[in-house]
Amino acid sequence: MEGGSGYNSIPPSTSFDKSRVLDVKPLRSLKPVFPSTSEAPPFVCAPPNGPFPPGFTPFYPFSAPQVSQTSPNLNHGNPPPVPMPMGPIPAPLRAFRSSQSPGIPGIFNGNTTQPTETFREVDENADGLRMNEDGYVDGQKRAAPHLRGSSSSQKKTRKNKVTKSSLSGIAAKRPRDFVEDISPVERSNGNRELVYEVLLRFDALRRRLSQMEEAKEQSVGIIKRADLKAGNILMSRGVRTNMTRRIGAVPGVEIGDIFFFRIELCVVGLHAQSMGGIDYMIIKDNLDEEPLAMSIVSSGGYDDDAEDGDVLIYSGQGGNFGKKDKQASDQKLERGNLALERSVRRANDIRVIRGIKDAVNPSSKVYIYDGLYRIQESWSENKSGCNIFKYKFVRMPGQPGAFAVWKSIQKWKEGLSSRVGLILPDLTSGAESLPVSLVNDVDEEKGPAHFSYFPTLRYLKSFNLTQHSIGCDCHNACQPGDLNCGCIRKNGGDFPYTNNGILVGRKPLIHECSPACSCFPNCKNRVSQHGLKVHLEVFRTTDRGWGLRSWDPIRAGTFICEYAGEVVDEVKGRRGGEEGENDEYLFDTNRVYNTFKWNCEPELLEEESSGDANEDYKIPFPLVISAKTIGNVARFMNHSCSPNVFWQPVLYEQSNQSFLHIAFFAMGHIPPMKELTYDYGISRSDEVDGDIELNRKKKCLCGSSNCRGYFG
DNA sequence: GCGATATCACACTA
DNA sequence: CTAGTGTGATATCG
């Protein structure tokens with residue numbers, strides 16, 4: 001199959017073609033190279049900061065096998081020659097290993113010393129985690145250690161839901177239901193699923209609050225900061241994790257994870273200070289007590305030097321530095337600065353979160369968890385007569401690239417260095433507003449099989465699926481909360497998107513404005529009509545043919561692309577006649593899709609459950625799209641049973657007819673270079689047959705712990 | 001028109 | 001309970 005007919009052939013051009021692409025077969029369904037899903041591709045052994053080996057993906061899919069995710073792995077000796085501070089070194093600290101470095105020599109400087117009180121506690125936590133990982137062995141039985149805020153979290157929302165024990169078999173296999181309780185143990189110590197879920201719930205609530213605020217709904221009062229409000233609600237309801245403060249990695253948070261609000265770092269326990277840049281804890285060592293730094297956020301407020309991907313010169317806090325209305329003063333060796341100073345001597349791991357401007361949304365920031373660092377040295381500087389502390393943070397070796405990946409992308413964008421394995425800078429040949437690069441740094445394939453790039457849907461005339469509808473008569477732009485707007489009324493009174501174009505919630509159908517409306521084309525209710533917003537890349541995967549990923553960070557609810565192609569006859573398309581291979585590029589609303597919860601839980605807003613909670617796909621009519629001969633980037637998106645992208649039906653008008661489109665949105669925040677995937681669903685006719693026709697199915701290689709084993 | 005700058009309300013932990 | 005820590009959205013300036 002590989003290297004099939006289309007290989008290296010240049011198809012005849014047609015007047016319609018915007019571009020031609022070379023190709024092999026769609027390999028989304030090829031048989032596995034790694035038959036067992038537990039055999040992760042070898043990208044975990046990449047050098048810390050690149051250059052990455054072919055196909056290296058620095059980020060695990062969220063529920064991919066994470067053998068050592070929560071194991072402290074303290075018994076792997078052979079510390080590499082890491083840079084160590086000079087002078088006497090007090091008792092080395094033990095901590096969680098970096099979560100993504102299985103098989104990499106330990107990064108600890110020893111494991112023979114007696115753990116201190118605090119570290120014994122850490123170890124116990126680690127044991128608990130290991131149990132959890134084996135399938136919620138005793139999630140409920142263990143007493144909750146020192147839980148703050150547990151009382152306030154017991155109220156409401158957790159009505160008699162399924163107990164954890166009744167789910168024990170399934171829980172590890174299936175994403176949990178939103179409303180399900182988070183146990184005290186899980187609140188203390190997280191895991192990957194939980195961290196992801198807490199973040200999803202945070203953003204769902206945040207989007208809903210933004211929507212209500214933008215519509216000026218009186219019910220919630222004025223919320224200037226939906227992020228803080230959402231964070232506050234979740235914290236007080238106990239929808240949070242990793243409350244146990246710890247040195248080292250945080251279970252469930254992976255290097256490369258991205259965040260869009262400081263408060264998100266709090267709810268997953270990565271950095272507990274909602275504003276402060278230095279988080280620390282008091283360590284009791286025999287009779288001594290000393291503060292040690294756990295994590296820092298470098299966001300550009302001070303003149304930190306973040307030029308090098310592996311070294312960070314971090315400024316101490318305080319001194320009223322950079323504040324207009326206050327007199328600058330000396331920084332004092334107290335609080336965070338003191339903790340950093342102690343951490344120099346102790347040489348403990350410190351989590352580093354780097355905040356940078358979001359290129360896609362310049363008014364906001366992105367926070368990247370860049371893994372564990374240690375402070376190599378510290379000194380004082382004098383800035384306009386005032387003392388400032390400086391700390392040289394050096395990244396621990398053996399960790400997957402995170403911030404370094406961003407730096408590489410930045411260079412590609414500036415043209416300073418070309419993307420390794422670049423085949424085409426823009427496979428759309430200008431058909432999209434942004435270029436889509438085609439890259440293969442894995443093998444010899446020169447590109448996907450020929451198709452014509454077409455950025456949207458093409459309805460054939462023979463389908464009379466559409467009807468004229470009346471647009472709104474708003475002037476300028478439709479205003480959230482304006483119930484005179486016909487389009488908002490069609491959406492049930494809610495504006496489907498936030499002011500910055502983020503989808504608030506899934507619904508059976510979204511009605512966007514169109515040329516039939518009198519609002520301007522830049523009206524915010526046209527999110528899915530304006531093409532790509534992030535720089536995408538079609539790339540060669542190691543075992544699943546071509547795939548799609550993004551150079552830009554994508555926040556939850558962001559429109560990614562629509563499924564473009566030809567709308568085909570439902571019955572014919574589904575069975576594909578003799579050419580079963582047509583199935584490869586089919587999108588079919590008739591398939592059975594895993595249900596999942598994405599919208600805000602009304603309980604968190606103390607609202608009665610309403611129609612908004614409905615996340616069923618109820619489509620006005622079935623839609624089958626073939627992207628075999630014409631299509632856009634969506635045709636390269638692979639299947640996953642734990643996807644990070646979902647589809648949403650959107651209706652808007654063109655040429656006096658309403659057309660149904662399939663729009664893809666980000667489920668959670670997606671870091672750059674992480675593969676984009678959605679659930680392909682299962683063909684309904686096969687399901688009805690009872691016996692699944694496995695030969696028609698494709699063996700799934702998504703590698704997720706929720707994997708169904710097949711799809712299609 | 002766009003970046004810089006000002007203003008404002010605020011949530012976490014020690 | 002208070003102090004210490006900037007943040008993120010928006011308005012205004014040059």
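Note that the structure is a prediction, hence the values are computed from the model and not measured. Residue numbers begin at 1 in each chain, while the letters A, B, ... track the order of the sequences.
With distances taken from any side-chain atom of A/Leu228 to the nucleotides C/dT5, C/dT7, B/dA11, the minimum falls on B/dA11. Distance from the side chain of A/Arg335 is smallest to C/dT5 among C/dT5, B/dC8, C/dG8. Nearest to the side-chain atoms of A/Arg245 among the listed nucleotides B/dC10, B/dT13, C/dT5 stands B/dT13. Considering only the side chain of A/Ser364, C/dA9 comes nearest among B/dC8, B/dA11, C/dA9.
At the phosphate of C/dG8, OP1 or OP2 sits under 4.0 Å from a side-chain N or O atom of A/Tyr367. Contact check, A/Ser299 against C/dT7: a side-chain N or O comes under 4.0 Å of OP1 or OP2.
Residues A/Asp203 and A/Arg207 are paired through a salt bridge, judged by an N-O separation under 4.0 Å between the basic side chain and the carboxylate. A salt bridge links A/Arg354 to A/Asp370: one of the charged nitrogens lies within less than 4.0 Å of a carboxylate oxygen. Under the 4.0 Å criterion applied to side-chain N and carboxylate O atoms, A/Arg526 and A/Glu512 are not assigned as salt-bridge partners.
Separating the CD1 atom of A/Ile296 from the P atom of B/dT13 is a distance of 19 Å, rounded to the nearest angstrom. The NZ-P distance, from A/Lys284 to B/dA14, rounds to 11 Å in whole Å.
Residue A/Arg225 is classed as a base contact, given a heavy-atom separation below 4.0 Å to a base. At a threshold of 4.0 angstrom between heavy atoms, the contacts of A/Gly336 with the nucleic acid are absent.
Heavy-atom distances to DNA chain C give each of A/Val297 and A/Asn499 a nearest nucleotide, and the one nearer the 5′ end belongs to A/Val297. With DNA chain B read from its 5' end, the first of the two nearest nucleotides for A/Asn232 and A/Lys357 is the one closest to A/Lys357.
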Please list every donor-acceptor pair under 3.5 Å in which a side-chain atom of residues 410-417 of chain A meets a protein atom from a residue at least two apart or in another chain.
{"residue": "A/Lys413", "atom": "NZ", "partner": "A/Asp552", "partner atom": "OD1", "Å": "2.3"}

